[in-house]
Protein chains: 2
Amino acid sequence: MEPVRRRRAVLHEARCQTCSLSSLCLPLSLEMEDMDQFDAIIRRRAPLKKGEHLFRQGDDFTSVYAVRSGSLKQITSEGAGVDQLTNFYLPSELVGLDAIDERHYPGSVIALETTTVCEIPFDRLDQLSEKLPELRNQLYRSMSKELRDDRRMMRLLSRKTADQRLASFLVKLSDRFRRRGYSPYSFRLSMPRADIGSYLGLAVETVSRIVSRFQAQEILAVSGREVQILNMAKLQQFAEEEDVS
Amino acid sequence: MEPVRRRRAVLHEARCQTCSLSSLCLPLSLEMEDMDQFDAIIRRRAPLKKGEHLFRQGDDFTSVYAVRSGSLKQITSEGAGVDQLTNFYLPSELVGLDAIDERHYPGSVIALETTTVCEIPFDRLDQLSEKLPELRNQLYRSMSKELRDDRRMMRLLSRKTADQRLASFLVKLSDRFRRRGYSPYSFRLSMPRADIGSYLGLAVETVSRIVSRFQAQEILAVSGREVQILNMAKLQQFAEEEDVS
DNA sequence: CGTTATCTTGAACCTTGTCAACACTCGTGG
DNA sequence: CCACGAGTGTTGACAAGGTTCAAGATAACG
């Protein structure tokens, strides 16, 4: 979905000040001059191709990453068990905040499509956050937001039915697209059904069945990974409705 | 020679430097003089009685709280749905980090027994974290750790059977007691079964049944809320074992 | 000592997982 | 350009784990 441009030319575009995501990303509240300082610690990385690892579970923690384009998934394997998909990352979101404490990444992060990221070495970020209260604050906020999202996810996993989970997932995704300037009603899923299932704690078959059912109910129109939301109200209703038993 | 300390006599015990939790709590890595600065921003609070709110969902965020003694639960209500218990807090743990972003607490926090907390006004903490890199780092780490724990919880909720959930819960709890200097084999649950069920995404009845089964298997000896772990190895095995189907 | 909350146990039901088979898609090489 | 094959997605039948409903036992508390 994302055009792969040759890099030389892109490099100057890769500055925070000209980045279209600057209103969502970490430096969002910085003044111009502060942003320059922030910009200076960023390392640009070659785009990841679909399926490539940004890092692997257990790798030494050195940096957090801001997604510039594309999308990634985080996968955690524990013991002899099946892998669990613990997060999807879209542009402007920060990857790796859960590794600060233990100094290695608690899960592997893999590109779902061609993806570019900005690498932010954490020790430099920490230093800079000392000088720039706005940056520090933004960092606290990012982590706090992730905590809140996690709680919402726990709620989903422990209390919602399969229908409600998928509805919630789609509503949330739609909202994230909207915030990024894309259509909230028509988008492409970059992940296979199996990943959605793993994320939502459902079997692939269940995901598939519910997608079909939502189509039958004319809530969605789906063709492969292309999704159209036909009845957002209904979908939201599904998503929010709890077991009103 | 003993230096003359300025102190409010009543609160003498409540100073970080003499707090038995200092090796686990937020100021854990601070030097003496830095700890004084930290100590100065703390507000002591009257103990909460069982069932009392530390704050309610939606209240304005002003402070994070460190638990000194006792325990608390966090409850989130969303929409018209049933409440969901999203966290238990034990001594030295930080309450309220998930509120930084939105400036309101995303859930109510309620004492499970008589509980004392240290109130840490967040704006003061933020200012101080500018001057004290160790403190800042500890704050990042606390949040990061919580993120990691959340991921583990999601994994539990989406992939583990009821037996595995309860086993995980008890192993984790045991470990938390051990770290705090209490027996990891014999302790008292401060929360009712219903809370455990809500936290683990299970019906109360299921929790009860499994407790009974674990007793029959001589893994536990339970009398009301008093728990003894008779076979820790077995319990851990249960907890870690994934669906090896 | 009674009243209420908490906990336990049993039985029926239901949602979702599992197994199995088949359809579709896409990229690769012949 | 087509054929093939692996990966991905769909659908059905069945089993199982967990919820729900119901009732009783126990513990907590004024």
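Labels below follow one simple rule: chain letters A, B, ... track the order of the sequence lines, proteins then strands, and each chain is numbered from 1.
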What donor-acceptor contacts under 3.5 angstrom involve side-chain atoms of residues 182-190 of chain B, with partners at least two apart or in another chain?
unit_1, atom_1, unit_2, atom_2, d
B/S183, OG, B/Y185, N, 3.0
B/S183, OG, B/S186, N, 3.1
B/S190, OG, B/S71, OG, 2.8

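- Comparing D/dG18, C/dT9, D/dG9 by their closest approach to the side chain of B/S212 singles out C/dT9.
- Nearest to the side chain of A/L202, among C/dA20, D/dG9, C/dG17, sits C/dG17.
- For A/K172 and A/D175, the salt-bridge test fails: no basic side-chain N is under 4.0 Å from an acidic carboxylate O.
- Atom C1' of nucleotide C/dC22 and atom CZ of A/R209 are separated by 14 Å, given to the nearest angstrom.
- Using a 4.0 Å heavy-atom cutoff across all strands shown, B/G201 reaches sugar-phosphate atoms only and no base atom.
- One N or O on the side chain of B/R180 and one on the backbone of B/P91 form a donor-acceptor pair closer than 3.5 Å.
- Contacts of A/R213 with the nucleic acid, taken as non-hydrogen atoms under 4.0 Å apart, are absent.
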Would you check, one step at a time, whether the test ring-ring contact (aromatic ring centres under 6.0 Å, His included) holds for A/F238 with A/F214? CA-CA 11 Å; A/F238 262 115; A/F214 281 173; 5.4 Å; yes
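- A side-chain donor-acceptor contact under 3.5 Å links A/S198 to the backbone of A/L85.
- Out of D/dG9, D/dG18, D/dT20, the shortest distance to the side chain of B/E205 is found at D/dT20.
- B/R225 has its CZ atom 14 Å from the P atom of C/dA5, to the nearest Å.
- The side chain of B/S208 lies closest to C/dT9 when the candidates are D/dG9, C/dT9, C/dG17.
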Within the sub-3.5 Å range, which N or O atoms of nucleotides 25-30 of chain D have a protein N or O partner, and how far apart are they?
none

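- Between B/D149 and B/R152 there is a salt bridge, with a side-chain nitrogen of the basic residue lying less than 4.0 Å from a carboxylate oxygen of the acidic one.
- Separating the CD atom of B/Q215 from the P atom of C/dC7 is a distance of 13 Å, rounded to the nearest angstrom.
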